[in-house]
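What follows is a set of notes on a single structure, which appears directly below.
By convention in this document, chain letters (A, B, ...) are assigned in the order of the sequence lines, proteins followed by strands, and residues within each chain are numbered from 1. All figures in this text were calculated on a predicted structure; none of them were measured in a lab. In what follows, every heavy atom counts, from backbone to side chain, and hydrogens, waters and symmetry copies are set aside.
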Amino acid sequence: MNDLNLRYINAKRALFDRANAKLNAKQREAVYTVDGPVLVLAGAGSGKTTVLVRRIVQIIKYGNAYADTRIPFGLTEDKVASLENARSLSDAEIKEILPEFISDPCPPWRMLAITFTNKAAAEIKQRLAAELDDEDAASSIWAGTFHSMCMRILRVNAEAAGLKPGFSVYDTEDTKKALKSAMKSLNIDEKMIPLKSVMNRISRAKEKLKGPQAFIAEADDYRERQIGKIYEKYADDLVASNALDFDDIIMKTVLLLKNYPAVLDKYATQFRYISVDEFQDTNEAQFALVALLSQKNRNIMVVGDDDQSIYRFRGATVENILGFDKNYTDAKVIKLEQNYRSTQHILDAANSIISNNNGRRGKTLWTDNVSGEKIYVRKLANQDSEARFIVETIARMVSREGKSYRDFAVLYRTNVQSNALQTVFAKSAMPYRVLGGVSFSERKEIRDIVAYLQLINNHSDKERLLRIINVPARKIGDRTIDCIEQLAEEQGTDMFSIIENATKYPVLSRSCGSLLGFASLINSLTELSDSLPLDRFVNEVIERSGYRHMLIEGGEPEKERLENLEEFISGVLEYQNREEEPTLTGFLEENALVADVDRYDENADAVVMMTVHSAKGLEFPIVFLPGMEEGIFPGNQAQFDNEELEEERRLAYVAVTRARRAVYMLYTESRMIYGRTVVYTPSRFISEIPGELKDEQTAHMAPYRSPQTGRVYYSESKPAGDMTVRAKRDQQSAPAAREKFEPGDIVEHFSFGRGEVISAKPMGADVLYEIMFDRVGTKKLMATYARLKRSQ
DNA sequence: ATGGGGCTGCTTTTT
DNA sequence: GCAGCCCCAT
C-alpha cells in the first residue's frame, strides 16, 4: 500500500475515533469489530451496554467502514489532506463526513439483539432509538429477550412447531400444577420424589433439548425412570392443552430450526448480525439457538462476564462463555476491564475475592476513579443490631452529609434476611422499598381473570380451565371434574369439548345444567372477544363470569381485589392504546412473558432492599451487605461443594461491584435462623479482602429503651410490640412534648412530605398514625419517631 | 364448601 | 419462625 492510501485509511479511522471519543480504546475496538465471531468479556461497570448499542448503530449506519481498506478511485493528495485536517472539526461536522465511508451497512431488520430480561431489552431498544435517531429503524431491529424472540418465530411457524394458533404459555405455577396432576395420575407420591426436584429435572432436560423418550432411554435408575414417566405424561398434557412452558419456548424453537431446514435458512439468512447480552447466563438450548441462527453469516457477538455467572442453579452453563473461542476458533476476544462505576478500593476488594476462583478467564478491573474509602467491616451483636446499624448509619449520612435515601441499597443473600430488616425499617420512619414480594400478576384475582382469558383464547388450556371452572362457585364439584378429566382422556379430546357435550354422557347428568351453563358462558365470551375492544371485553369477562359479583358479595375484605381488577383493566387499556393491532392473543403473550412493570422505581427517594441476585446490573452509591457469615454467604450448601462455593464467590463479586462509593460488610455474633439461635463465623469473603483495604471494627449499638417506661431492653429480650429503633440523637435529647393529630389533619413528614392523617390509634404513651402521603402512599408511623409537623 | 389445625421444609429467579 | 399445603371436620 502506498503512502497516500495509508494516510487515507488512517485519517478515516481517526475520524471514527473522534466520533467515538467517549469510548475507551477497547470499547472502540469492540464497536469496530464487525465481521466474524466476537467475544466481549465485559467486567462489572465497564460500559458493556454502551458497546453493544454503539456497535449495532455503527453497523447499521456505516457497516464495516472502519476495517474497510478499499481506497476510493482517484484519491488525491488534496482529498487526504482535507480528511487529515478534518480531525479538528466539530463533532457535528465530522458526523457529516462519515457517511462517505459507508461500507455494506446492515438494514436494521437484519439485526438481532438478544437479552435475558425485558428490562434489559427495553433499555437497549430505548438507547438504539436515541442513537439512531430514527424511530422506524430502531423498531425494526429484532431486540428482545430469548423468549419473546422465540415466541415471534413460533407464532409464525406454529404448525411446523406442532402448535395450534393461539397456544398458551404456562408459567411456573401452571407447570407445577400440571406436573402435580401428572404425578397423581401416575400414582407417584410427592414424598418419594419431591415436586421441586421433578420440576428441576424436567427443566434441565428441556434445556439440554432432551425429550421424554431420550430422557427415559438414558434413565439408569428407578427414580429417573419415574421422572421420565412424569415428563412423558406432562409433555402429552401440554400438547393436549395446546400449551408451552417457558423451557418449551426455547426448546421448540431450536427443534423447529433443526427439523425444518427451510425455516432455519430463512432466519439464518435474515439475521446478518447477532448480539447476545449476559452470555454467561445462557443455557445449552439458548446457545444452540444462537449457534443455529448464526451458522450462516457467522457474525455473532456475545457479551458477558464469567465472573458474574450466578444462575448455574437454573441451568446456565458458564462453559458457554468459557469455551466460546473453542467453539469459534476464529473468534476475536476483547476484554473490557476499565470500570467507570466504583472506587479503586472497591475494585481491589472485588478483584481479590474473585481471584480465589479457578476456572476463570481472568480479568482485573481498574479505574481512573479515586481510591476512595476502605471497605467497612462491622461486627454486630445480632441481626437486630445489624438492621439498626444500617438504619442509623443511613440516618446519619442523610442528615450530616446530605445524602438521599435512594443512594443506599441493602443487598442480602436470601430473602428471609429481609424480615428482620423490614421490621426495623418499618418502625424507623425511614422510607424503604423491598423488591421481590408477591407481584401484581401473581395475585389470585388477576390469575383468575387471566385464566378466563386464556381459556377463551385456547379452549384446550386444561390448567386454566381447572383453575376457574368453579370460581366463582357454580356447583361443579371435584367428582364431576375428575369425571370430565377421565372422559377427555378416554375420548382423546379436551375437557372443554366434554363439557360442551355434557348431555351425551350419562355420568354427567346430575351436573349437566351447570356444565352447559359454563360452556355457554365461555362460548359466548369467545364470540364477544372478536367484536369488543379489549378493555371492554375484559370488563365483560369479569362481569359475566360472576367474578365481580362474587367480590362485591365478599364485602370489605375483597375490596382490594376489586381494585386490583380495575387496575388490571387499565393495564389492558394501556396495552390497547400502545399496540397497533391489539389482540387477545397478543395481550396474553405479553402478559405471560413480561413480569410486572418493573417494580423498582429508581426515582423514588427510598432505601432499596433486595437479594444480591436481583441487584445484578444495578448500581448504588452505598451498599450494605448484612449477613456476611459462613452459612449464609457463602450458604451452608456451599461449604463442601466447590462448584457451589465458586458460584457464591461470584455472587459476592457481584455484590461488591454494585457499589460506587462505599461498601459495608456486616456480620453478627449470633442470629436467629429458622427459629434457632446460631453462631456463625465471619464470611471467608471478608478474609479474602486484604487487611489494608478494610476498616474493621465492632459496632456497639445502643440498647433499646422503651418510650413508655424508659426501661432499657437488650434486643433479645425486648418486649412484644416494642420494636422501635432510636436514632442516637433522639436518645440524647429528651422527647419534646408532641403535638397530637386527628384524622383529617394535614401533616408534614421530614422525608415523606405532605400527607393526610387517616387514623390515630393510641398505643401506650405513643400514637400510631396511619397517614396517606401525597408522594409515597399510605404509611403507618409511630408519633414518637415520625416527627410530624402540622402543615401550614 | 370453607376454614382451621397440624405438618413440612426451607438459596438464589427470569421467562 | 413462618409460610404454604394438605387433610379433615363442620
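Using a 4.0 Å heavy-atom criterion, one finds that Lys616(A) contacts no nucleic acid atom at all. Within 4.0 Å of Gln417(A), counting heavy atoms only, lies no atom of the nucleic acid at all. Residue contacts for Glu644(A): at a heavy-atom cut-off of 4.0 Å it reaches a base atom on one of the strands shown. Using a 4.0 Å heavy-atom distance criterion, Thr172(A) is classed as a base contact.
Contact annotation: the side chain of Arg447(A) approaches that of Asp171(A) to within less than 4.5 Å [non-hydrogen atoms, C-beta and beyond]. Using a 4.5 Å cut-off on side-chain heavy atoms (C-beta onward), Phe587(A) and Asn457(A) make no contact.
In this structure, the ring of Tyr680(A) has its center no less than 6.0 angstrom from the ring center of Tyr667(A).
dT11(B) and dC6(C): their C1' atoms are spaced 25 Å apart (whole Å).
Ring-plane geometry between Tyr311(A) and Phe313(A) is classed as tilted, the angle between the planes lying from 30 to 60 degrees on a 0 to 90 degree scale.
Remark: ring of Tyr311(A) does not overlap the six-membered base ring of dT14(B) in a stacked fashion, as centroids less than 5.5 Å apart with planes less than 30° apart are not both met.
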In the 5'-to-3' direction, what one-character label does each nucleotide of nucleotides 4-10 of chain B receive under the scheme B = base within less than 4.0 Å of a protein heavy atom, S = sugar-phosphate only, - = no such atom? ------B
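Just one residue in the list Asp247(A), Thr172(A), Thr175(A) forms a side-chain contact (heavy atoms from CB on, under 4.5 Å) with Ser203(A), and that residue is Asp247(A).
In this structure dT11(B) sits in the syn conformation; its chi angle is within 90° of 0.
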